[in-house]
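All of these numbers come straight from a predicted model, not from anything done at the bench. Letters A, B, ... mirror the listed sequences (proteins, then strands); counts begin at 1.
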Amino acid sequence: MRMKNQSTEKYSKEHIEFLRERKKETFKIKFLQAGILLALITLWEVLAAFKIIDSFIMSSPSRIISTMISLYSSGQLWSNIIFTIVETITGFILGTLLGMIIATLIWWSSFTFKVIEPYLVVLNALPKVALGPIIIVWMGAGMGSIILMALLVSVIISIMNILNGFTNVSKEKILLMKSFGATKIQIFKKLVLPSNISTIISTLKINVGMSLIGVITGEFLVSENGIGYLIVYGGQVFKMDLVMAGVLILAVLAWCLYACVAKADFVYSKKK
Amino acid sequence: MKNKEKILMLKHLTMRYHTLKQETLAVKDITLDIYSEEFLSIVGPSGCGKSTVLSLISGLLSPSSGEVVITDRKKDLGKSLVGYMLQSDYLFEWRTIEQNIMLGLEIKKLLNEKSREYALKLLEKYELIKFKDHFPNQLSGGMRQKVALIRTLAVKPQILLLDEPFSALDYQTRITLASEVRKIIKTERKTAVLVTHDISEAITLSDRIAILSKRPSTIKRVLEVEFGSQNLSTKQKQRHEKFNDYFDVIWSELNENEKSKH
Ligand SMILES: Nc1ncnc2c1ncn2[C@@H]1O[C@H](COP(=O)(O)OP(=O)(O)OP(=O)(O)O)[C@@H](O)[C@H]1O
Ligand SMILES: [Mg+2]
């Protein structure tokens, strides 16, 4: 609809000027962002090269790169990345699904909600790392524990977010549905769920991050595989190059996962 | 009134609300007969219990005592006796206009070729058909409220309950839409019960006006509105000599309420 208008309408000079200004600004922002990054990396490298900072403690860009290359050639790079990704995605999917299901059940019965609310609040506030040792004792030091950790971190926040969206549906709209004689299932399917699509998507965005936090926490504790393991191991043997390389990979990974969910959001809002 | 057949009887309706802090007697012993195809308005001080009366009629609330009797003369096709129209349109933003007007039919599981066609006919008749694939946010307030009315009419209710349906609109739109809605309701031969704050709206739209007292609300007075001719426009009614008389009567009834409060 709107797209069509844009291509058929002829713009005024002023509007073209406005668009050009906007484009210029976007370019400036991108340019500066890249510039800052490049400057920092160069500064870091130069400081390390002239031994102004101790590259044994601070590492340096070139050392990080060579660490990555050696990780790559020994086959450790991809295997660890894949471990972390699989764990994160599994935790993310399970956490989100479970969160949605539990939120729906709680919404269904306001009595249950009243009963369960203080538990949710406490669980939400509790740092989930504290549960790490318990999980490992119960589940063993393996992938299962890590995924459970990711799930725990993301599920509570999902429940809280989605439930909040569900209970905030306007009372008048529910009244309208009831005036047509709607059942609870109909109210859920035709009103509560569709009006909360954007809540659910924003929960997804939060959850990728949450799940990754859970996975790295888990890998720190279990210490077998994954980027979290690389970082912990690097710290233990005092190889700061490895720690820095791990952090860098993690940053890229976090960005990629977030971009995937943001893409889903974009596709959805465009469809609308 | 041409038609004196009773369609709706309120018998000694009383309604109490209970909250932890208090008990509110909102409606006290209201008895009123409503006739088929009439347009009845309910006016009263704010918070007196007007919306409560509508909720009781619709069955969304059950009275503490008394009863609502609806005489179902057409032995009903779809069990859609009462339709509710609220202050705001509450159209669903994620549905197109067409999907919005089908909402009631979907909920009542009455959506089929015939009923869909009927709903679309209404859209066409009231000049909204070209917006059927638009989303609500692309329509003006008045148009949206008309869509809400069509959504209500689509399930073929015999009685329409209107709870201040125009109060969210600007003055100009309100006047046009109000007379348009009256026309639609008369054309479709529906019975309407309208709650309003606006005295002149009540006079120009209604066949009868029930004036409620302050809470707990009882009926103070029921006024027949008669302008001689059936087909006067809103403007003509407002200029009619009887208009001011009606206005004064209602005004003083309502203000007596105000005074007795202190
Ligand atoms: N669900 C409820 N629980 C408790 N009290 C209520 C409830 N709904 C309404 N009341 C009280 O009942 C009284 C009548 O409310 P109602 O909404 O029927 O009045 P109204 O005449 O429609 O008011 P307004 O002019 O503001 O629309 C008010 O005092 C209100 O506070
Ligand atoms: Mg009200």
Practice prompt. Tell me whether the centres of the aromatic rings in A/Y11 and A/F18 are closer together than 6.0 Å.
Written response: no
Worksheet item: Less than 6.0 Å separating the ring centroids of A/W107 and A/F188?
Response: yes
Practice prompt. Would you tell me whether B/E201 and B/T196 have side-chain atoms, one donor and one acceptor, within less than 3.5 Å of each other?
Written response: yes
Worksheet item: Without hydrogens or angle criteria, can the side chains of B/E37 and B/T191 be said to hold a donor-acceptor pair below 3.5 Å?
Response: no
Practice prompt. Identify which part of A/E172 has an atom lying under 4.5 Å from any heavy atom of chain B, answering side chain, backbone, both or neither.
Written response: both
Worksheet item: Is it the backbone or the side chain of B/Q87 that comes under 4.5 Å from a heavy atom of chain A, or both, or neither?
Response: neither
Item to complete: Please state whether the side chain, the backbone, both or neither of A/I197 comes within less than 4.5 Å of a heavy atom of chain B.
Response: neither
Worksheet entry | Interface moiety of B/R151 toward chain A, non-hydrogen atoms closer than 4.5 Å | both
Discussion item. What part of B/L91 gets within 4.5 angstrom of chain A, counting heavy atoms only: side chain, backbone, both, or neither?
Written reply: backbone
Worksheet item: For A/F166 and A/M100, what are the C-alpha separation, side-chain angles and deciding distance, and is it a side-chain contact (heavy atoms from CB on, under 4.5 Å)?
Response: CA-CA 10 Å; A/F166 282 1; A/M100 264 168 71; 5.9 Å; no
